[in-house]
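See structure below.
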Amino acid sequence: MCRGRPGAGPPLHALAAFAGAAALAAYAWGLLHVTGAVMESNGGTGSAPAPPCRTPGHEERARHVLGQAVSFLPPGFVCETSDGGEYTSDDVPGYVDPAAAVLALTAVASAVGAGYATGTRARAAARNGGR
């Protein structure tokens with residue numbers, strides 16, 4: 001191992017790990033909201049259409065809901081209408097998808113950068129005879 005400056009590898013490895021963990025946390029937060037919507041929509045009085053499909057200001061659209069589904073990528077509660085269409089309820093906050101995507105891309109870019117920095121440093125050490 002070469003002595004001297006630590007290089008860019010370790011900080012990029014740490015950034016990749018942090019960003020990856022944060023991306024998973026953001027995705028899990030979205031799935032938690034979807035789970036809440038599913039629990040709210042299961043049976044009982046006033047469950048047709050499903051409460052998550054009743055978006056304020058769009059009551060007419062809710063009258064045509066026949067079923068619901070769950071989307072895992074991106075996380076969302078999908079309301080299926082009688083005309084064959086569908087729409088996603090507002091249960092998952094709007095920031096979840098962009099945050100998870102940006103954090104995941106940051107994790108990948110940091111991991112690639114860390115690998116490149118580590119490889120460059122290893123090649124330099126091999127050229128210098130391991131010093």
Side-chain angles (χ1 to χ4, degrees):
M1 191 159 143
C2 181
R3 302 222 185 251
R5 292 187 312 156
L12 286 176
H13 279 288
L15 178 61
F18 175 77
L24 285 175
Y27 181 73
W29 183 245
L31 288 180
L32 185 65
H33 283 280
V34 171
T35 302
V38 168
M39 290 174 62
E40 184 181 7
S41 71
N42 284 338
T45 304
S47 63
C53 296
R54 297 182 209 154
T55 307
H58 298 283
E59 290 81 11
E60 182 61 32
R61 178 174 67 174
R63 288 189 190 115
H64 300 285
V65 172
L66 292 180
Q68 63 261 354
V70 172
S71 168
F72 291 102
L73 197 60
F77 187 86
V78 180
C79 304
E80 300 165 344
T81 60
S82 59
D83 63 358
E86 62 185 33
Y87 63 94
T88 304
S89 72
D90 295 337
D91 288 294
V92 177
Y95 62 84
V96 169
D97 295 339
V102 167
L103 288 165
L105 289 173
T106 300
V108 169
S110 299
V112 169
Y116 178 76
T118 302
T120 301
R121 190 154 192 237
R123 286 188 294 278
R127 278 193 304 266
N128 293 333
R131 288 185 263 152

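- Evaluation of the side chain to side chain donor-acceptor pair (under 3.5 Å) rule for Thr81 yields Asp83 as partners, not counting sequence neighbours.
- Scored by the side chain to side chain donor-acceptor pair (under 3.5 Å) test, Asp91 finds Ser89 as partners (sequence neighbours excluded).
- Under the rule for a side-chain contact (heavy atoms from CB on, under 4.5 Å), the partners of Ser71 that lie at least two apart in sequence or sit in another chain are Pro74, Val78.
- Applying the disulfide (SG to SG under 2.5 Å) test to every pair with at least one member in residues 82-114, sequence neighbours left out, gives no pairs at all.
- Both Val34 and Leu32 are part of a single hydrophobic cluster, where members link through side-chain heavy atoms under 4.5 Å apart.
- With sequence neighbours excluded, the residues forming a side-chain contact (heavy atoms from CB on, under 4.5 Å) with Leu31 are Tyr27, Phe72, Pro75, listed by chain and number.
- Annotation: side chain to side chain donor-acceptor pair (under 3.5 Å) contacts involving residues 92-113, sequence neighbours excluded, comprise Trp29-Tyr95.
- Of all non-hydrogen atoms in Gln68 and Glu80, the two that sit nearest each other are N-OE1, 4.0 Å.
- One hydrophobic cluster, built from ILVMFWY side chains closer than 4.5 Å, holds both Leu73 and Val96.
- Here the closest heavy-atom approach between residue Ala111 and residue Ala16 is recorded as N-CB, 3.6 Å.
- Looking only at side-chain heavy atoms (C-beta outward), Val92 and Phe77 stay at 4.5 Å or farther from each other.
- Residues passing the side-chain contact (heavy atoms from CB on, under 4.5 Å) test with Ala23, sequence neighbours excluded: Leu103, Ala104.
- For Phe18, there are no side-chain contact (heavy atoms from CB on, under 4.5 Å) partners, not counting sequence neighbours.
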